[in-house]
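Keep in mind it's a predicted model, so treat the numbers as computed, not measured. Throughout, protein chains are lettered first and strands after them, A, B, ... in sequence-line order, and every chain is numbered starting at 1.
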Number of protein chains: 2
Amino acid sequence: MNDRRPTLHDVAAEAGVSIKTVSRVVNGSEQVSPDLRLHVQDVVDRLNYVPNTLARSLKAGTGDTIGVVIDTIADPFFAALTSAVESTALESGLNVVFGSTGYVPERERSQIERMAMQQVRGLVLAPVLGNHEYLARFRGSFPIVLVDRSFEIDGYDTVVVDDRGATRDAIGHLLARGHRRIAFVGRDERFPTTSDRLDGYHDALHAAGIPVDPLLAPRGQAEEDAAERAVHDLLGTDDGPTAIFSANPRASLGVVHALHELRRTDVALVSFGDFPLARTLEPAVTCVDQDPHRIGAVATTQLLRRLGFDEGRDRIGPAERVVVPAALIARGSGEIEVPR
Amino acid sequence: MNDRRPTLHDVAAEAGVSIKTVSRVVNGSEQVSPDLRLHVQDVVDRLNYVPNTLARSLKAGTGDTIGVVIDTIADPFFAALTSAVESTALESGLNVVFGSTGYVPERERSQIERMAMQQVRGLVLAPVLGNHEYLARFRGSFPIVLVDRSFEIDGYDTVVVDDRGATRDAIGHLLARGHRRIAFVGRDERFPTTSDRLDGYHDALHAAGIPVDPLLAPRGQAEEDAAERAVHDLLGTDDGPTAIFSANPRASLGVVHALHELRRTDVALVSFGDFPLARTLEPAVTCVDQDPHRIGAVATTQLLRRLGFDEGRDRIGPAERVVVPAALIARGSGEIEVPR
DNA sequence: GGGGGGCTGGACAACGTTGTCATCTGTGGT
DNA sequence: ACCACAGATGACAACGTTGTCCAGCCCCCC
């Protein structure tokens with residue numbers, strides 16, 4: 001546990017050559033004669049020499065990692081996103097450090113500061129709602145791509161889902177089945193995404209000339225248990241909804257549970273975000289599939305372009321905003337007609 | 001994007017002091033007079049100086065990150081585990097790099113090699129089945145804690161669930177309800193965990209004097225779709241099982257789906273590993289809860305001890321093996337009595 | 001046989017930081 | 001008025017690596 005790792009010096013001394021020669025062998029430079037190369041390689045293997053990336057990066061002036069800052073890796077959405085970031089980054093030989101914010105602005109900031117200290121090459125960030133002017137300090141040092149949440153400050157590359165449009169379509173899907181009283185569950189002012197989805201909900205109702213009933217879109221239940229209670233409340237009234245739109249997959253779990261408890265298979269449901277077993281439930285749950293894997297892959301590709309990995313492309317240029325499509329997966333629950 | 005980040009030199013020049021003084025201010029050394037400290041701090045803030053961890057670590061001879069190497073971060077089990085590693089590591093000021101193996105031995109090895117190059121302080125590893133002698137090279141440089149999978153080579157700290165014992169108990173639970181034909185689904189020779197669980201299954205059957213029917217434990221279906229097909233096959237026979245034990249949560253999703261399709265609410269089910277909506281299904285699914293969060297937390301704590309963070313504790317000592325308890329959560333599906 | 005050119009190998013500096021040690025200033029004791 | 005001393009500040013080396021530059025060496029050609 002306490003052995004010092006061998007360095008170029010150790011290998012050089014053992015092989016009887018200079019450190020530069022060892023460096024050349026390790027880096028596959030052509031400037032070394034074959035037999036010497038073989039000899040050095042032999043010593044490298046024997047001593048289990050592993051290059052020190054820290055020193056390398058210090059010399060190079062830039063690290064070999066990219067950072068991912070998200071709410072929590074325990075959320076399947078961010079896990080899938082991060083997984084995609086990793087595979088994409090790995091293709092270019094970059095490692096991934098991640099940090100979670102817990103959706104707390106101060107933690108976001110301190111995590112990003114840690115990343116900066118680590119000399120990350122670039123950053124993929126799912127921003128917490130709040131003031132992000134401090135980010136400007138860092139963007140001079142490394143590119144930042146925002147994901148999932150559109151962001152009040154312009155000038156950053158962004159990869160998002162068309163929350164508003166996709167929700168509008170989803171609500172339209174329900175309206176087409178005759179629903180007029182559609183609840184919006186999973187609303188949480190803290191998340192710009194659910195706010196955008198609420199906007200889409202309003203869009204669709206307005207377009208159909210249906211007045212908005214605030215009681216159908218209660219506040220503050222992005223999480224499973226709160227959503228569950230909300231559904232109990234909504235369906236406990238005489239004038240309850242005939243359809244529910246759940247604004248995020250965590251909330252959907254609660255919604256499904258409540259509907260099940262209440263034995264209400266007559267209530268239509270569309271979930272924003274897919275979840276395990278959605279296809280298994282009775283009725284199977286119709287979802288807007290937001291494809292976190294794709295978001296992560298696209299964001300990382302954009303980051304790599306800014307880093308100049310994609311040769312020939314501009315590494316500087318105006319910020320781009322990519323909108324990843326979100327498909328409606330009709331499984332049954334969203335196709336329930338309104339009772340006559 | 002291309003501004004050079006300010007260094008101690010820049011700050012020193014701007015403040016008209018030596019780099020050492022700036023270093024002292026940044027590191028909160030007491031050896032600086034108050035007014036000078038204030039002045040320097042001012043310049044630090046103005047220039048947005050951020051210390052370079054790479055250089056710091058190079059000087060210190062050891063990095064400030066710990067590595068996590070797992071199958072894939074997209075698996076909820078590993079996501080939860082990694083999340084726990086992060087929170088625990090963060091308390092000691094350590095960052096987390098992760099790498100996924102895809103359960104491919106070569107990728108495991110190359111990921112660990114990357115980690116070594118990055119001078120990770122320590123490693124949490126969910127090992128892929130295979131020869132791990134190469135690990136010995138690295139353990140000289142940093143401590144390694146194995147998680148989830150017991151491992152053929154001794155000498156490493158390990159944090160696992162008592163797969164065999166927990167499964168034995170789970171099968172006992174079913175036997176107590178009168179079941180005699182219990183299927184084992186989700187078996188996969190590649191995973192030592194499911195092999196151990198199979199052993200536990202055999203243990204319980206032997207203890208009850210029930211002959212093992214190989215047809216009830218078919219091979220090769222750790223994944224959702226394969227498990228689904230296996231259940232269809234098992235229940236398609238005259239002499240099918242009256243209870244199913246599903247050896248991992250991914251398989252459980254397939255099992256649940258198949259049972260649902262077949263409308264077999266009479267078949268008892270216990271799942272190794274909890275999953276979302278398990279409590280919602282009808283009947284709700286009885287699970288062995290393996291608590292990945294706890295595994296990650298315990299593993300990281302052990303790692304920190306080896307690193308000497310937990311002052312006063314031995315940082316060297318014999319390898320320890322921690323067995324995290326797995327509780328049976330009775331929800332209904334596991335309590336279905338055998339039909340008379 | 002001597003000089004030039006191409007190739008191989010090495011010495012040295014630098015990346016940004018911190019540890020070691022030296023220097024400098026001011027204070028108090030005698 | 002001098003010395004000792006403590007506290008503040010700075011010069012320098014070193015961590016492990018790579019880029020730059022230079023010194024050999026061999027071979028070939030004149």
Side-chain angles (χ1 to χ4, degrees), chain A residues 2-41 43-44 47-64 93 114 116-121 141-142, chain B residues 2-41 43-44 47-64 93 114 116-121 141-142:
Chain A
N2 298 315
D3 309 358
R4 212 173 48 80
R5 309 189 195 190
T7 71
L8 283 180
H9 288 91
D10 300 325
V11 179
E14 178 76 13
V17 297
S18 81
I19 56 170
K20 186 63 207 183
T21 301
V22 182
S23 170
R24 280 197 259 259
V25 171
V26 170
N27 293 358
S29 161
E30 299 301 321
Q31 305 289 78
V32 183
S33 65
D35 14 346
L36 186 55
R37 164 184 307 282
L38 242 59
H39 171 59
V40 171
Q41 189 60 52
V43 177
V44 164
L47 295 188
N48 293 321
Y49 167 75
V50 180
N52 183 332
T53 308
L54 263 43
R56 224 179 239 186
S57 298
L58 176 62
K59 182 77 173 98
T62 176
D64 68 335
R114 301 175 81 79
M117 294 204 282
Q118 279 197 73
Q119 313 295 109
V120 289
R121 201 75 169 265
S141 312
F142 50 84
Chain B
N2 298 314
D3 310 357
R4 213 173 45 82
R5 310 189 194 191
T7 72
L8 283 181
H9 287 90
D10 300 325
V11 179
E14 179 77 12
V17 298
S18 80
I19 58 169
K20 186 64 209 186
T21 301
V22 182
S23 170
R24 279 197 260 258
V25 171
V26 170
N27 291 354
S29 162
E30 299 302 321
Q31 304 288 79
V32 183
S33 67
D35 16 346
L36 186 57
R37 165 185 305 284
L38 243 58
H39 170 59
V40 170
Q41 188 60 53
V43 177
V44 164
L47 296 188
N48 294 320
Y49 168 75
V50 180
N52 184 334
T53 308
L54 262 42
R56 227 180 236 186
S57 299
L58 175 61
K59 182 76 173 109
T62 176
D64 68 336
R114 301 175 79 78
M117 293 204 278
Q118 280 196 74
Q119 313 294 111
V120 290
R121 200 79 169 264
S141 312
F142 50 85

**Prompt:** Between G16(B) and N27(A), which is nearer to the 5' end of DNA chain D once each is assigned its nearest nucleotide?
**Reply:** G16(B)

**Message:** Is any side-chain heavy atom of S23(B) closer than 4.5 Å to one of I19(B)?
**Reply:** no

**Asked** Given dG10(D), is OP1 or OP2 found less than 4.0 Å from the side-chain N or O atoms of S18(B)?
**Response** yes

**Message:** I want to check something: taking the side chain as every heavy atom from C-beta on, are L47(A) and E14(A) in contact at a cut-off of under 4.5 Å?
**Reply:** yes

**Request:** Find out whether Q119(B) and R5(A) are in side-chain contact, i.e. whether some heavy atom of one side chain is under 4.5 Å from a heavy atom of the other.
**Result:** yes

**Asked** Does the side chain of T7(A) come within less than 4.5 Å of N52(A)'s, by heavy atoms?
**Response** no

**Asked** If you pin N52(B) and R24(B) to their nearest nucleotides in DNA chain C, which one's is more 5'?
**Response** N52(B)

**Backbone N/O of G63(A) and side chain of R121(A): donor-acceptor pair under 3.5 Å** = yes

**Message:** Donor-acceptor check, side chain of S57(A) to backbone of T53(A), threshold 3.5 angstrom: yes or no?
**Reply:** yes

**Prompt:** Please give, in whole Å, the distance from dA11(C) C1' to L8(A) CG?
**Reply:** 15 Å

**Prompt:** How close or far is atom P of dA14(C) from atom NZ of K20(A), stated in whole angstroms?
**Reply:** 16 Å

**Item:** Contact under 4.0 Å: S33(A) side-chain N or O vs dC7(C) OP1/OP2
**Value:** no

**Item:** L58(A) versus L54(B), closest heavy-atom pair with distance
**Value:** N-CD2, 4.3 Å

**Beyond-backbone contact of H39(B) with V25(B), side-chain heavy atoms, under 4.5 angstrom** = no

**Asked** How long is the line joining CG of D64(A) and P of dC15(C), in whole Å?
**Response** 20 Å

**Prompt:** Near DNA chain C, under 4.0 Å by heavy atom, which residues of residues 55-63 of chain B?
**Reply:** A55(B), R56(B), K59(B)

**Prompt:** When you measure from the side chain of I19(A), which nucleotide among dG10(C), dG9(C), dT17(D) comes out closest?
**Reply:** dT17(D)

**Message:** Show, in sequence, the C-alpha distance, side-chain angles and deciding distance for V43(B) and Y49(B), and conclude whether the side-chain contact (heavy atoms from CB on, under 4.5 Å) test is met.
**Reply:** CA-CA 8 Å; V43(B) 177; Y49(B) 168 75; over 6 Å; no

**Heavy-atom closest contact (R56(B) atom, P51(B) atom, distance)** = NH2-CB, 3.2 Å

**Request:** Using atom NE2 of H9(A) as one end and atom P of dA14(D) as the other, report the distance to the nearest whole Å.
**Result:** 11 Å

**Request:** Compare the minimum distances between each of dG9(C), dG19(C), dT17(D) and the side chain of V32(A), then state the nucleotide with the smallest one.
**Result:** dG9(C)

**Request:** Using a 4.0 Å heavy-atom cut-off across all strands, classify L36(A) as base, sugar-phosphate, or nothing.
**Result:** sugar-phosphate

**Asked** Angle, rounded to 10°, between the helical axes spanning five pairs at each terminus of the helix from dG1(C)-dC30(D) to dT30(C)-dA1(D)?
**Response** 60°

**Request:** Could you state the atom-to-atom distance from CZ of R5(B) to P of dG16(C) in whole Å?
**Result:** 11 Å

**Complete:** Here the distance between atom C1' of dC15(D) and atom CD of Q119(B), to the nearest Å, is 11 Å

**Request:** Using only side-chain N and O atoms of T21(B), determine if any of them is under 4.0 Å from OP1 or OP2 of dG10(D).
**Result:** yes

**Value in whole Å for how far the P atom of dC7(C) lies from CZ of R37(A)** = 15 Å

**Request:** Nearest whole angstrom, please: distance from the C1' of dA14(D) to the CG of L54(A).
**Result:** 15 Å

